[in-house]
Amino acid sequence: MMNAFPDPQPAPIDVRGLVYERRDERVFGPLDFTVEAGTIALVEGDNGSGKTTLLRVIAGLLRASAGEARVFGSAPGSDEARAGTASLGHLLGLKGDLTPRENLHLGMGLYGCKSGEDPDAMLCRVGLEGFGDEPVRTLSAGQKKRTALARLALLPARLWLLDEPYANLDRHGIALVNHLLALHAAAGGSALVTSHGAVSFHQGVACTIRLTP
Amino acid sequence: MAAAFRAMLQRDLLLAWRRRGDALLPVLYAVMVATLFPFALGPEHTLLARISGGVVLVTVLLSMLLSLDAVFRGDLEDGALEYLVLAPQPLALLVAARMLAYWLVTALPLIAVAPLLAYMLGLEGPAQPVLLLALLLATPLLALIGSVLTALTVGTRRSGMLLALMLLPLAVPIVIFAAGAVGAAQQGLPWVAPVAWLAAALALAVVLAPLACATALRIALDS
């Protein structure tokens, strides 16, 4: 039977009683939270409190021990969930032998591209003008991060899962991340961002998820 | 989907081109191993000619084993593997592109040098093209079976040795059919049946191996 009142837009992230255990030892949970479209949620916690693990569960790389997570109304890692999600982890996934430009084109080939965006213009926006043709392995850690941010901003994903996006970045880089997040939220996108609390981040945070070890 | 396949293939071919010296190593290894046989067995022509097909096949197999271990290691170490798994594309398709690039970069140079090795060992006449045909079918089959095992062992320490121990038993039927075809051709016997078996196994592997490999990679990342 057809549902007479279908939910028009399932929330980007909806988590109910989510628990993750590694070898019978609880890493986090039970967690309950919802990330609505156009909002940014911050995951706070000390080192080892399970921030990265939470992001990997929501990305679909790890399987939750109990409870349920829904990404755009589907199970994490399903085709529908992956189609709307882009993530940025500790490992940036850039190929060191390719240039930033080639890495961006690869990302667009795999994930698609937001309409009206151009990789070269994006490299300028993240402050990598003139580095587009250097191999990524010769760039500094901060420049690599900026390349990964440029790739993220090009993708058409509506949900960003960002693991410590401020690591390795200077003051301008931190402002850049905040700027990209603000633009993303203004365009109706949402994000789940982890931070160990060293960087102050205020603008537009709709909810904060506090993890305790 | 075709765009993702092309992007992945282009990536791997470009990466191989940036490190083109590495592609020569398996070829040099194969040449050296094949050269050892006349030294070990003596230069008796009839003996070398009789075993030449098998020697070339085993040499190519071992050379491929050297680099098979690294198929997913680079992507695991720099995190690219996670971005491939999370991409909104069928992972099996991306794995298939990876394997095609691997075969083009590693196996094709070995196949190109194989006639030289066979000639050096005294393989002559109609058996030469049969050897090439057997290699063209056996090498992708090995790469596909090997990719599944590599995906299973990705992230484990000493995965190279483990991979060899797991792959070599599975390579036995491939070697039997391929060497059987070459041996039959050398004696003027019909050689189509073993080649057809190889082709059938390859057709099966092309469909099933990327699916199994994708599942194995997901399991490897879930820890």
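To find a chain, count down the sequence lines: A is the first, B the second, and so on, and within it residues start at 1.
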(request) Check whether NZ of the Lys or CZ of the Arg A:Arg26 lies under 6.0 Å from the centre of the six-membered ring of A:Tyr20 and within 45 degrees of that ring's axis. (result) no

(request) Write out, in numerical order, the residues from residues 88-97 of chain B with a heavy atom short of 4.5 Å from a heavy atom in chain A. (result) B:Pro88, B:Gln89, B:Leu94

(request) Could you tell me which portion of A:Arg137 (side chain, backbone, both or neither) has an atom closer than 4.5 angstrom to a non-hydrogen atom of chain B? (result) side chain

(request) Look at B:Asp12 together with B:Arg98 and state whether they make a salt bridge at an N to O cut-off of under 4.0 Å. (result) yes

(request) Look only at the side chain of A:Thr39 and the backbone of A:Glu36, and say whether a donor-acceptor pair between them is shorter than 3.5 Å. (result) yes

(message) Between B:Gln10, B:Arg218, B:Arg11, who has the most heavy-atom pairs with chain A when the cutoff is under 4.5 Å?
(response) B:Arg11

(message) So, taking the atom named CG in B:Leu133 and the one named CG in B:Leu198, what distance separates them when rounded to the nearest 0.5 Å?
(response) 8.5 Å

(request) Select, from A:Leu94, A:Thr53, A:Leu110, A:Asn103, the one with the greatest count of heavy-atom pairs under 4.5 Å involving chain B. (result) A:Leu110

(message) What part of A:Asp79 gets within 4.5 angstrom of chain B, counting heavy atoms only: side chain, backbone, both, or neither?
(response) neither

(message) How about CH2 on B:Trp103, more than 12 heavy atoms from neighbouring residues, nucleotides or ligands closer than 6.0 Å, or not?
(response) yes

(request) Could you verify whether a donor N or O on one side chain and an acceptor N or O on the other, from A:Arg16 and A:Thr34, lie under 3.5 Å apart? (result) yes

(message) With a 4.5 angstrom heavy-atom cut-off, is it the side chain or the backbone of A:Glu80 that approaches chain B, or both, or neither?
(response) neither

(request) Keeping the roles fixed (side chain from A:Ser74, backbone from A:Arg70), state whether a donor-acceptor pair exists under 3.5 Å. (result) no

(request) Measure distances from A:Leu155 to the heavy atoms of chain B and classify the residue's part below 4.5 Å as side chain, backbone, both or neither. (result) neither

(request) Could you tell me the separation between the CG atom of B:Leu14 and the CG atom of A:Leu98, rounded to the nearest 0.5 Å? (result) 5.5 Å

(message) Tell me which one of A:Glu164, A:Arg56, A:Glu44 satisfies side-chain contact (heavy atoms from CB on, under 4.5 Å) with A:Lys51.
(response) A:Glu164

(message) I need the residue from A:Gly96, A:Ser87, A:Ala81 with the largest number of non-hydrogen atom pairs under 4.5 Å to chain B.
(response) A:Ser87

(request) In plain terms, say whether A:Glu102 and B:Arg18 are close enough for a salt bridge, that is, a side-chain N and a carboxylate O under 4.0 Å apart. (result) yes

(message) Checking side-chain polar atoms at under 3.5 Å, does A:Thr99 have a donor or acceptor matched by the opposite partner on A:Asp133?
(response) no

(request) Identify which of B:Arg19, B:Arg6, B:Met8 forms the greatest number of heavy-atom pairs closer than 4.5 Å to chain A. (result) B:Arg19

(message) Report, in residue-number order, which members of residues 66-87 of chain B are under 4.5 Å from chain A by heavy-atom distance.
(response) B:Gly74, B:Asp75, B:Leu76, B:Glu77, B:Asp78, B:Gly79, B:Ala80, B:Glu82, B:Tyr83, B:Leu84, B:Val85, B:Leu86, B:Ala87

(request) Decide yes or no for A:Ser190 and A:Val35: does some side-chain heavy atom of the first lie under 4.5 Å from some side-chain heavy atom of the second? (result) yes

(message) Return the CG to CG distance between B:Leu217 and B:Leu221, rounded to the nearest 0.5 Å.
(response) 7.0 Å

